[in-house]
Amino acid sequence: MKRLLRRAGWWIRDYAYAIAWQARAAVDRTDPASFADGSRAPIIVLPGVYETWQFMRPLVAAMHELGHPVHVVKALHRNRRPIVELAKDVTAFLAEADLRDAIIVAHSKGGLAGKLAMAGPEGTRVRSMLAIATPFGGSRYARIMPWRTLRAFSPLDPDIIELARQQEANARIVSVYPRFDPHIPEGSELPGAKNVPLDAGGHFWVLEHPRVLAELAELAD
């Protein structure tokens, strides 16, 4: 019973966070270019499905305050398209912005597109990726979803299977994930990567977990 109550508390906190930041993101008119200056390693933020970059605004601001130029891939919009298409947008952005030694910071689906981009033709421009609550092996819940955008997270989806086979980029990835993720019961452990399980629950509010910035600091050194 105690375990169930704890998970229920995590679930409530997580969705309250998601609703609040989705609402703020909807009215946020901040120009992302205002975060693009800095002297430390450049960062590209890749939000999750149905999220815009503004959903990651607290993390974006925190990284910028640490001296990182933070870049947004506007072509992703709300991240609803297949990961292959999204990875092409990330690849194009890396080349157009002429970024080098970049760090990708991604939430959920953004980590799938990020990993695929790291294995692509401009992947050498990326030093590493910090993936937060990313379903590298998919989620069995996706199979019962009525929308194709969410069914694409099924462990049986061809894109998920193919991405799992591509392991050359795994050693450059840090996967941070909660012990209990209501969206990804399988968890986010990635073979060959640095895996950082958190003694926490949720899928969204972990974006503000202090361990995220701690892991970024290690990658940036």
Side-chain angles (χ1 to χ4, degrees), residues 41-49 51 56 59 63 68 71 73 76 79 81-95 99-142 152-181 183-200 203 206-207 209 211-221:
I43 289 174
I44 303 174
V45 291
L46 304 181
V49 66
E51 297 172 5
M56 297 176 68
L59 184 55
M63 294 187 296
H68 294 280
H71 300 274
V73 184
L76 299 184
N79 224 352
R81 291 174 292 132
I83 58 173
V84 173
E85 294 181 20
L86 299 173
K88 289 179 180 178
D89 288 336
V90 176
T91 296
F93 182 84
L94 284 165
L99 295 182
R100 300 175 188 277
D101 208 27
I103 299 172
I104 293 174
V105 176
H107 179 231
S108 194
K109 183 182 181 179
L112 302 180
K115 179 186 170 182
L116 193 56
M118 290 172 73
E122 301 294 337
T124 56
R125 294 178 179 271
V126 180
R127 177 197 304 184
S128 54
M129 178 171 71
L130 178 59
I132 307 157
T134 292
F136 289 110
S139 170
R140 60 178 177 266
Y141 294 154
F153 293 111
S154 168
L156 302 178
D157 185 89
D159 287 345
I160 294 291
I161 293 172
E162 178 58 30
L163 188 62
R165 289 182 181 144
Q166 298 184 31
Q167 299 190 16
E168 61 271 21
N170 290 13
R172 292 186 285 144
I173 296 174
V174 176
S175 180
V176 178
Y177 53 93
R179 182 171 66 180
F180 168 68
D181 189 326
H183 292 258
I184 314 171
E186 295 84 353
S188 298
E189 184 173 344
L190 181 66
K194 178 183 178 182
N195 293 289
V196 184
L198 304 174
D199 186 20
H203 183 74
V206 290
L207 285 167
H209 195 285
R211 188 64 183 271
V212 171
L213 286 180
E215 292 298 328
L216 175 65
E218 287 193 26
L219 290 176
D221 286 342

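These values consider heavy atoms only, across backbone and side chains, with no hydrogens, waters or symmetry-generated copies.
With hydrogens and angles disregarded, a donor-acceptor distance shorter than 3.5 Å links the side chain of His68 to the backbone of Ala41. Between the Thr134 side chain and the Phe136 main chain, no donor and acceptor come within less than 3.5 Å of each other.
The salt bridge (Lys or Arg N to Asp or Glu O under 4.0 Å) search around Glu218 returns Lys194, not counting sequence neighbours. Considering only residues two or more places apart in sequence or on other chains, Phe93 meets the side-chain contact (heavy atoms from CB on, under 4.5 Å) condition with Ile44, His71, Val73, Ala97, Leu99. Listed by chain and residue number, Gln166, Glu168 satisfy the side-chain contact (heavy atoms from CB on, under 4.5 Å) test with Ala119 (two or more places apart in sequence, or in another chain). Looking at residues two or more places apart in sequence or on another chain, you find a ring-ring contact (aromatic ring centres under 6.0 Å, His included) between His183 and Tyr15, His203, Phe204. Remark: Asp199 engages Arg179 in a side-chain hydrogen bond (donor to acceptor under 3.5 Å, both in side chains) (not counting sequence neighbours). Among residues two or more places apart in sequence or in another chain, the side-chain contact (heavy atoms from CB on, under 4.5 Å) test is passed with Pro135 by Ser108, Leu112, Phe153, Ile184. In terms of the side-chain contact (heavy atoms from CB on, under 4.5 Å) criterion, residue partners of Ile161 (sequence neighbours excluded) are, by chain and number, Arg165. For Asp89, the side-chain hydrogen bond (donor to acceptor under 3.5 Å, both in side chains) test picks out Arg81, with sequence neighbours left out.
In this structure the side chain of Val206 reaches within 4.5 angstrom of the side chain of Ile132, judged on heavy atoms. Between Lys109 and Leu46 there is no side-chain heavy-atom pair separated by less than 4.5 Å.
Counting all heavy atoms, side chain and backbone alike, His209 lies closest to Ala200 at CD2-CB, 4.4 Å.
Distance CE/Met118 to CD1/Ile173: 4.5 Å, rounded to 0.5 Å. For the atom pair CG (Leu219) and OG (Ser128), the distance works out to 4.0 Å, reported to the nearest 0.5 Å. Remark: Glu215 CD to Leu130 CG distance equals 7.0 Å, nearest 0.5 Å.
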Inset, instruction - Take Leu216 and Ile43 through the side chain to side chain contact (heavy atoms under 4.5 Å, CB included) test and state the conclusion after the steps. - result: CA-CA 10 Å; Leu216 175 65; Ile43 289 174; 3.9 Å; yes
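Legend: salt bridge (Lys or Arg N to Asp or Glu O under 4.0 Å) pairs involving residues 123-141, not counting sequence neighbours, sorted by first then second residue: Asp98-Arg125, Asp101-Arg127, Glu122-Arg125, Arg140-Glu186.
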